[in-house]
Amino acid sequence: MYNYFIILVCLIGIQTSKAQSLTASELLEKSIGYHDPVNLWNVFQGKLFITMNYPDGKERHSEVEIDLPKQHFEITSTTADNTIKQTIDKEDCTLKLNGSTTLSEEDIKKHQLSCDRTKMMKNYYTYLYGLPMKLKDKGTNLDPKVHTKTFKGKEYLVLKVTYDESVGKDVWYFYFDPISYAMEVYQFFHDESKNDGEYILLTELENVGTIKMPKIRAWYYNKNDKHLGTDILMKGITLE
């Protein structure tokens, strides 16, 4: 027990020392070096096969194609009842429901089918699966101080991130393992004083080419720890 206590004290000391010595930019670079060691995210061309599990037992299976050099995004989502395919190719947008581009007003409303929503989904998937590399994007503001914080019983090095108003209004926190610099949690607030927003626990890794992407994302409300759903990166492949 005494030896365990000494080790624990030493680890806390190491984490505190790292937080004091690292700048936010340095911590981000170390995490990017872990997740994207060959620096290939900016030219990423790949497919992600994702299963979303909901608390009520429902599932959604999605095949997401991201081709950054060609400005191409495509998501095909399948539930028990329908298959929806949404594509953004440069400025062109295509929407399909069960293979058909002929959509009724009822279909559009029921399935929230629109090019604006497809663009939002493009931003959503490229942001989340491009982290932490996306934290170098224009309009992203890193708090210069690296914080230490215990979350769910583990001590992390933490970056606080805000965005230019044209990019986003939420405040984000990114939690990194103090030894490997792997990103293991992120959290956002619309209004931090109200403890709203969500936190996302990241476990396991999926190698997509040379990029290490979090495999399992479990989503919870900040205010009450209610589980919202879990998405699993079943497989990721790079495109030739």
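Checked by atom type, the side-chain pair Q187/N222 shows a donor-acceptor distance below 3.5 Å. For E198 and Y220, the side-chain atoms include no donor-acceptor pair closer than 3.5 Å. A side-chain N or O of N82 and one of N98 form a donor-acceptor pair less than 3.5 Å apart. The closest side-chain donor-acceptor pair between Y175 and K149 falls under 3.5 angstrom. Looking at D196 and H190, their side chains never bring a donor and an acceptor atom within 3.5 Å of each other. Under the 3.5 Å distance criterion, with hydrogens and angles disregarded, no donor-acceptor pair is assigned to the side chains of T76 and E63.
In this structure, D164 contributes its side chain and S166 its backbone to no donor-acceptor pair below 3.5 Å. Using a distance-only test at 3.5 Å, with no hydrogens or angles considered, a donor-acceptor pair links the side chain of S31 to the main chain of Y181. Side-chain atoms of D177 come within 3.5 Å of backbone N or O of S180 as a donor-acceptor pair. Between the side chain of N207 and the backbone N or O of T210 there is no donor-acceptor pair closer than 3.5 Å. Formation of a donor-acceptor pair under 3.5 Å by the S62 side chain with backbone atoms of V64 is not found in this model.
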(request) Report the C-alpha distance between S193 and D191 in whole Å, list the side-chain angles of each, state the deciding distance to 0.1 Å, and finish with yes or no for side chain to side chain donor-acceptor pair (under 3.5 Å). (result) CA-CA 6 Å; S193 66; D191 183 341; 2.6 Å; yes
(request) Give the C-alpha distance, both sets of side-chain angles, the deciding distance and a yes or no for salt bridge (Lys or Arg N to Asp or Glu O under 4.0 Å) between E206 and K235. (result) CA-CA 7 Å; E206 182 71 19; K235 182 175 68 173; over 6 Å; no
(message) Run M183 and L131 through side-chain contact (heavy atoms from CB on, under 4.5 Å) and show every step you take.
(response) CA-CA 8 Å; M183 181 182 64; L131 288 170; 3.7 Å; yes
(message) Does E59 form a side chain to side chain donor-acceptor pair (under 3.5 Å) with Y54? I'd like the steps, not just the answer.
(response) CA-CA 6 Å; E59 286 189 348; Y54 296 95; over 6 Å; no
(request) Using the side chain to side chain donor-acceptor pair (under 3.5 Å) rule, take N53 and D231 through it: C-alpha gap first, then chi angles, then the decisive distance, then the call. (result) CA-CA 6 Å; N53 297 309; D231 56 76; over 6 Å; no
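Contact between Y163 and D170 at its shortest, heavy atoms only, is CD1-O, 4.0 Å. Of all non-hydrogen atoms in S114 and Q86, the two that sit nearest each other are O-OE1, 4.5 Å. In terms of heavy-atom proximity, L95 sits nearest to C115 at CD1-N, 4.1 Å.
Y34 carries K212 over the face of its six-membered ring, with the cationic atom under 6.0 Å from the centre and within 45° of the normal.
Counting heavy atoms from C-beta outward, H147 and Y173 have side chains that stay 4.5 Å or more apart. Counting only heavy atoms from C-beta outward, the side chains of F49 and K47 approach each other to under 4.5 Å. You'll find the side chain of L113 reaches within 4.5 Å of the side chain of I84, heavy atoms only. Looking at heavy atoms from C-beta onward, V146 lies out of side-chain contact with T23 at the 4.5 angstrom threshold.
Atom NZ of K134 has more than 12 heavy atoms from other residues, nucleotides or ligands within 6.0 Å. Counting heavy-atom neighbours within 6.0 Å of K194 NZ, excluding the residue itself, gives a total of 12 or less. By the 6.0 Å contact criterion, OH on Y124 is enclosed, its count of non-hydrogen atoms from other residues, nucleotides or ligands being greater than 12. Within 6.0 Å of NZ in K154 there are more than 12 heavy atoms belonging to other residues, nucleotides or ligands. Applying the 6.0 Å contact sphere to NZ of K215 captures more than 12 heavy atoms from other residues, nucleotides or ligands.
For the ring pair (Phe, Tyr, Trp, His ring centres under 6.0 Å) with W172, the lone residue among Y199, F189, Y127 that qualifies is Y127. Applying side-chain contact (heavy atoms from CB on, under 4.5 Å) to M121 and the options D116, T126, I88, I75 leaves one that passes, I75.
Residues passing the side-chain hydrogen bond (donor to acceptor under 3.5 Å, both in side chains) test with N39, sequence neighbours excluded: none. Residues that satisfy the salt bridge (Lys or Arg N to Asp or Glu O under 4.0 Å) test with D225, not counting sequence neighbours, are K152. With sequence neighbours excluded, the residues satisfying side-chain hydrogen bond (donor to acceptor under 3.5 Å, both in side chains) with T83 are T78.
Atoms CD and NZ, from E65 and K70 in turn, are 8.5 Å apart once rounded to the nearest 0.5 Å. Separation of atoms CG (L202) and CZ (R217) is listed at 6.0 Å; rounding is to 0.5 Å. Atom NZ of K58 and atom CE of M52 lie 13.0 Å apart (nearest 0.5 Å).
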